[in-house]
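Take a look at the structure below.
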Amino acid sequence: MSSLKDKIVVITGGNSGIGYATAKSFLAKGAKVLITGRNPAAIQDAVHSLGHPAEGFKADQADLGDAKRLAEYVQGRFGKIDALFINAGVAKLAPFETVTPGLYDELMNVNFKGAFFTIQALLPILNDGGSITLLSALNAYAGSVNATALSASKAALNSLGRTLSRELSGRKIRVNVVNPGIIDTPLLEKVGLPDVFKTHLGNVTPIGRLGKAEDIANMVTFLASDEASFITGAEYNVDGGLMVHPLIA
Ligand SMILES: NC(=O)c1ccc[n+]([C@@H]2O[C@H](COP(=O)([O-])OP(=O)(O)OC[C@H]3O[C@@H](n4cnc5c(N)ncnc54)[C@H](OP(=O)(O)O)[C@@H]3O)[C@@H](O)[C@H]2O)c1
């Protein structure tokens with residue numbers, strides 16, 4: 001039997017792409033999943049297509065009040081949770097000279113500050129022995145063009161994961177980070193990546209294709225499971241080998 005059976009999992013940003021695929025994977029392993037997002041209609045559609053026992057809650061990760069409301073709701077609904085997947089994030093690219101304070105704040109507020117305080121809000125109701133998985137990005141390490149603020153907002157999560165894994169070890173809470181390469185989700189369209197460039201990136205990835213949301217979901221569900229009970233403070237690149245490719249790194 002899966003060690004995730006009947007575990008309670010919260011996934012931020014679970015109505016699309018990687019978060020949605022991960023919710024599906026947890027549900028297939030018998031877990032109960034609550035997803036968040038900003039768009040109520042998208043959450044409702046996702047919960048409907050994920051099926052029972054998926055649930056949703058509207059929470060903007062950039063809104064620290066929403067983080068508190070989420071924690072209160074989850075506590076009232078489930079009492080405690082077993083796993084938290086910080087997946088919600090935005091990706092916007094701009095040449096360094098054109099990054100405005102507004103764009104900088106948006107990226108930092110959703111990707112890092114919001115992630116930080118969502119964890120802080122949910123920590124009191126995370127069971128001892130539970131897990132937190134943070135979704136960073138390969139560009140936290142690779143020098144991706146036009147990604148100064150985006151990459152820094154993700155790199156901060158890698159740092160947080162290492163530090164938190166030490167601070168929470170007393171409660172046997174494991175904290176790990178996943179760094180996806182280029183994953184074929186609606187995000188690529190949102191950053192304006194043309195199809196021809198997507199094909200190119202798939203071709204230059206050593207494994208010969210873009211990642212699928214399920215590739216990340218497999219790693220995240222593994223990290224939340226008992227099979228990963230000795231893994232904490234770690235990070236995993238799930239990138240088809242892109243990090244070591246000389247054209248990218
Ligand atoms: N796709 C890639 O190549 C790639 C590579 C590296 C890292 N990542 C990371 O993977 C994560 C998921 O991205 P994806 O590729 O699955 O993209 P996606 O399909 O665009 O999904 C993004 C999800 O995040 C939610 N979200 C965005 N901003 C939010 C906010 N402020 N509060 C709550 N939810 C929010 C969205 O829901 P709403 O719109 O309803 O808010 C949606 O559910 C992101 O953190 C991204 O940085 C993706």
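Just so it is clear, the structure is predicted and the values come from calculations on it, not from any experiment. Both ligands and their constituent atoms are indexed starting at 1 by order of listing.
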Applying salt bridge (charged side-chain N to carboxylate O under 4.0 Å, His left out), run through R162 and E235 and close with a yes or a no. CA-CA 9 Å; R162 288 190 293 272; E235 9 186 307; 3.1 Å; yes
Applying side chain to side chain contact (heavy atoms under 4.5 Å, CB included), run through T205 and D239 and close with a yes or a no. CA-CA 8 Å; T205 298; D239 66 348; over 6 Å; no
Please assess L70 against L34 for the test side chain to side chain contact (heavy atoms under 4.5 Å, CB included), listing each intermediate value before the final yes or no. CA-CA 10 Å; L70 171 66; L34 181 136; 3.9 Å; yes
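Heavy-atom contacts of I182 reach the following atoms of ligand 1: 3 (O) (cutoff under 4.0 Å). Taking every heavy atom of A59 and a limit of under 4.0 angstrom, the matching atoms of ligand 1 come to 32 (N), 33 (C). Which parts of ligand 1 touch L188 is read off a 4.0 Å heavy-atom cut-off, strictly below it: atoms 3 (O). Heavy-atom contacts of V90 reach the following atoms of ligand 1: 28 (N) (cutoff under 4.0 Å). Within the listing of ligand 1, atoms 30 (C), 31 (N), 32 (N) sit less than 4.0 angstrom from a heavy atom of D60. Near K190, the atoms of ligand 1 lying under 4.0 angstrom from a non-hydrogen atom of the residue are 18 (P), 20 (O). Distances below 4.0 Å separate heavy atoms of G17 from the following atoms of ligand 1: 16 (O), 19 (O). Under a 4.0 Å criterion applied to the non-hydrogen atoms of N39, ligand 1 contributes the atoms 40 (O).
Taking each of S136, A213, G89 in turn, the one with a heavy atom nearest to atom 7 (C) of ligand 1 proves to be S136. Of the candidates N87, L135, V178, the one placing a heavy atom closest to atom 45 (O) of ligand 1 is N87. Considering D239, L187, V191 only, the shortest heavy-atom separation from atom 17 (O) of ligand 1 involves L187. The nearest non-hydrogen atom to atom 37 (O) of ligand 1, considering only V110, N15, I216, comes from N15. With K154, E106, R38 as candidates, the residue nearest to atom 46 (C) of ligand 1 on a non-hydrogen basis is K154. When the heavy-atom distances from atom 25 (C) of ligand 1 to P186, G114, A115, G13 are ranked, the shortest goes to G13.
Between I183 and ligand 1, at least one N/O pair is under 3.5 Å apart. Between T36 and ligand 1, no pair of N/O atoms sits closer than 3.5 Å. At least one N/O-N/O distance between I18 and ligand 1 falls below 3.5 Å.
T12 places a side-chain N or O within 3.5 Å of a backbone atom of N87 that can act as its donor or acceptor partner. Between the side chain of S229 and the main chain of D226, a donor-acceptor pair closer than 3.5 Å is present. Side chain of S25 to main chain of A21: no donor-acceptor pair is present (N/O by atom type, distance under 3.5 Å, no hydrogens or angles). In this structure, T221 contributes its side chain and N218 its backbone to a donor-acceptor pair below 3.5 Å. Formation of a donor-acceptor pair under 3.5 Å by the D60 side chain with backbone atoms of R38 is not found in this model. A donor-acceptor contact shorter than 3.5 Å links the side chain of R171 to the backbone of L126. With hydrogens and angles ignored, the 3.5 Å screen pairs no side-chain donor or acceptor of T148 with any backbone N or O of F96.
F116 and F112 have perpendicular rings, their planes meeting at more than 60° on a 0 to 90° scale where under 30° would count as parallel.
Of the protein's non-hydrogen atoms, the one nearest atom 19 (O) of ligand 1 is S16 OG, 2.5 Å. Here the heavy atom of the protein found nearest to atom 5 (C) of ligand 1 is G181 O, 3.1 Å. For atom 6 (C) of ligand 1, the closest heavy atom belonging to the protein is A137 CB, 3.5 Å. Nearest protein neighbour of atom 34 (N) of ligand 1, counting heavy atoms only, is A88 CB, 3.4 Å. For atom 32 (N) of ligand 1, the closest heavy atom belonging to the protein is Q61 N, 2.7 Å.
Side-chain contact check for I86 versus Q61: some heavy-atom pair is nearer than 4.5 Å.
Connectivity analysis of hydrophobic side chains (ILVMFWY, heavy atoms under 4.5 Å, direct or indirect) links Y20 to L4, V9, I11, I18, F26, L27, V33, I35, I43, V47, L50, F85, L135, V178, I183, I216, M219, V220, F222, L223, I231, Y236, V238.
Only the side chain of T185 comes within 4.0 Å of ligand 1, judged by heavy-atom distances. Neither the backbone nor the side chain of A42 comes within contact range of ligand 1; no heavy atom lies under 4.0 Å.
Pairs passing the side chain to side chain donor-acceptor pair (under 3.5 Å) check and including a residue from residues 106-116, sequence neighbours excluded, read K92-E106, N111-S153.
Each of N203, D215, D184 was evaluated against R209; a single residue qualifies, D215, per the side-chain hydrogen bond (donor to acceptor under 3.5 Å, both in side chains) test.
Using 4.0 Å as the threshold, A46 has no heavy atom nearer than that to any atom of ligand 1.
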